[in-house]
Amino acid sequence: MSKVPKLLAESLFGLMLLMGAGGGIYLNNQAAFQQAQSNEYAQAVAADPSTSIAVKIAMVMGNYYESSNRHFGVAYVDKNGRGQPLTVCNGVTGAGVIADKYYSPKDCYELERARYIQTEAAVAPLLRYWNTYDPFVQATFIDFGWNKPLASFKTSTMRAKANAGDLLGACAENPRWNKGTVQGVQVVLPGLQIRGDSNGELCAEWRVPS
């Protein structure tokens, strides 16, 4: 049984449709077609010619992992986040997040785009075989860099295995990154477990159709 959540799979299929990838193999997938037609964020992602396919995939992944494809257009205080930061869109904090401002799906895309490009630029040089990887593989590494501190990736077994040529071993490391700190104690968080399990499968098995 696939560990990629159904809604995420449909969203990724919908992205492929929006990009015209796959020679129409997703056209008979009604759920993917509906995602392509209704997800304004994914439409903005697909329409930008300046980002890589890997960044596009990672952004749609983040839209699911951070928000379950829901739109958070007004900033809120993330009481579960470190420091309880002001947060908007798909878990965005820091510069550009303004209280009481409304962010449309397109605004959210613009806010996140630069951050994802920066993440790709930071992660790619750390992986010896980056240019040989399928965009789905690259996207899972980008998502890791988006969700975890870059220092953690630099010293990770995931990176070590990838640079040793063991891509499948590196992919299999994803499910291990399932813990967060709750009241000073490291515990398994269901959301991180889903993310890790899903990314392990996306990295090992999914490929952009030619």
Side-chain angles (χ1 to χ4, degrees), residues 1-16 19 21-22 25-26 42 45 51-68 82 90-92 112-181 186-210:
M1 177 181 291
S2 175
K3 294 185 177 180
V4 179
K6 184 173 182 287
L7 180 58
L8 175 56
E10 291 168 356
S11 300
L12 292 170
F13 293 156
L15 176 65
M16 295 296 110
M19 293 194 304
I25 64 174
Y26 301 126
V45 169
T51 55
S52 68
I53 297 175
V55 162
K56 294 181 196 304
I57 294 170
M59 293 187 81
V60 170
M61 289 163 60
N63 185 218
Y64 173 79
Y65 292 138
E66 303 290 345
S67 304
S68 298
R82 183 174 298 176
N90 294 307
V92 177
E112 294 166 17
R113 175 181 174 276
R115 287 168 164 83
Y116 270 94
I117 291 174
Q118 290 169 359
T119 301
E120 180 184 40
V123 169
L126 299 176
L127 291 162
R128 182 176 302 165
Y129 304 107
W130 178 266
N131 290 330
T132 70
Y133 294 152
D134 181 87
F136 271 106
V137 175
Q138 293 175 345
T140 60
F141 286 122
I142 293 171
D143 182 72
F144 189 97
W146 172 270
N147 185 241
K148 306 290 192 302
L150 189 63
S152 296
F153 182 68
K154 288 180 178 179
T155 59
S156 67
T157 303
M158 179 188 295
R159 179 190 175 211
K161 287 185 176 182
N163 285 340
D166 181 12
L167 177 59
L168 290 181
C171 294
E173 289 294 308
N174 277 284
R176 296 181 56 224
W177 292 84
N178 60 0
K179 295 183 176 64
T181 302
Q186 284 277 300
V187 297
V188 174
L189 298 178
L192 290 181
Q193 188 68 69
I194 290 170
R195 193 174 202 146
D197 289 343
S198 177
N199 279 4
E201 181 176 324
L202 291 169
C203 176
E205 300 180 20
W206 283 51
R207 299 294 179 261
V208 172
S210 57

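In this chain, residues are counted from 1 in sequence order.
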Inset, instruction - I would like to know whether I57 and L202 meet side-chain contact (heavy atoms from CB on, under 4.5 Å); could you show each step before the answer? - result: CA-CA 11 Å; I57 294 170; L202 291 169; over 6 Å; no
Inset, instruction - Report the C-alpha separation of W146 and M61 in whole Å, then their side-chain angles, then the decisive distance to 0.1 Å, and conclude whether the side-chain contact (heavy atoms from CB on, under 4.5 Å) test is met. - result: CA-CA 11 Å; W146 172 270; M61 289 163 60; over 6 Å; no
Inset, instruction - Evaluate the side-chain contact (heavy atoms from CB on, under 4.5 Å) criterion for residues L192 and K179: first the C-alpha distance (whole Å), next the side-chain angles of each, then the deciding distance (0.1 Å), finally the verdict. - result: CA-CA 7 Å; L192 290 181; K179 295 183 176 64; 5.9 Å; no
Inset, instruction - Determine, step by step, whether M59 and V55 satisfy the side-chain contact (heavy atoms from CB on, under 4.5 Å) criterion, reporting the C-alpha distance in whole Å, the side-chain angles of both residues, the deciding distance to 0.1 Å, and the verdict. - result: CA-CA 6 Å; M59 293 187 81; V55 162; 3.9 Å; yes
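Judged as a side chain to side chain donor-acceptor pair (under 3.5 Å), and not counting sequence neighbours, the contacts of D197 are Q193. Residues satisfying the side chain to side chain donor-acceptor pair (under 3.5 Å) criterion with E173, sequence neighbours excluded, are K161, R176. Take S152 and apply the side chain to side chain donor-acceptor pair (under 3.5 Å) test, not counting sequence neighbours, and it matches no residue.
L150 approaches A122 most closely through the heavy-atom pair CD2-CB, 3.8 Å. N199 approaches D143 most closely through the heavy-atom pair ND2-OD2, 2.9 Å. The minimum heavy-atom distance between R207 and L167, with the atom names listed, is NH2-CD2, 4.4 Å. Across all non-hydrogen atoms, the minimal contact from A54 to I142 is CB-CD1, 3.9 Å. Nearest heavy-atom pair across I53 and P135 is CG2-CB, 3.7 Å. The minimum heavy-atom distance linking F153 with V123 is given by the pair CE2-CG1, 4.0 Å.
Exactly one residue among E120, R113, K56 makes a side-chain hydrogen bond (donor to acceptor under 3.5 Å, both in side chains) with T51. That residue is K56.
The structure places CE of M158 at 7.5 Å from OG1 of T140, a figure rounded to the nearest 0.5 Å. From F141, atom CZ reaches atom CZ of R159 across 11.0 Å, with rounding to the nearest 0.5 Å. Atom CZ of F144 is separated from atom CZ of R195 by 10.5 Å, given to the nearest 0.5 angstrom. Residue E10 holds its CD atom at 10.5 Å from OH of Y64, rounded to the nearest 0.5 Å. Atom CD of E205 sits about 7.5 Å away from atom OG of S2, to the nearest 0.5 Å. Expressed to the nearest 0.5 Å, how far SG of C203 lies from CG of L168 amounts to 7.5 Å.
Side-chain polar atoms of S198 and Y65 form a donor-acceptor pair below 3.5 angstrom.
Annotation: W206 is in aromatic contact with F13 [ring centroid separation under 6.0 Å].
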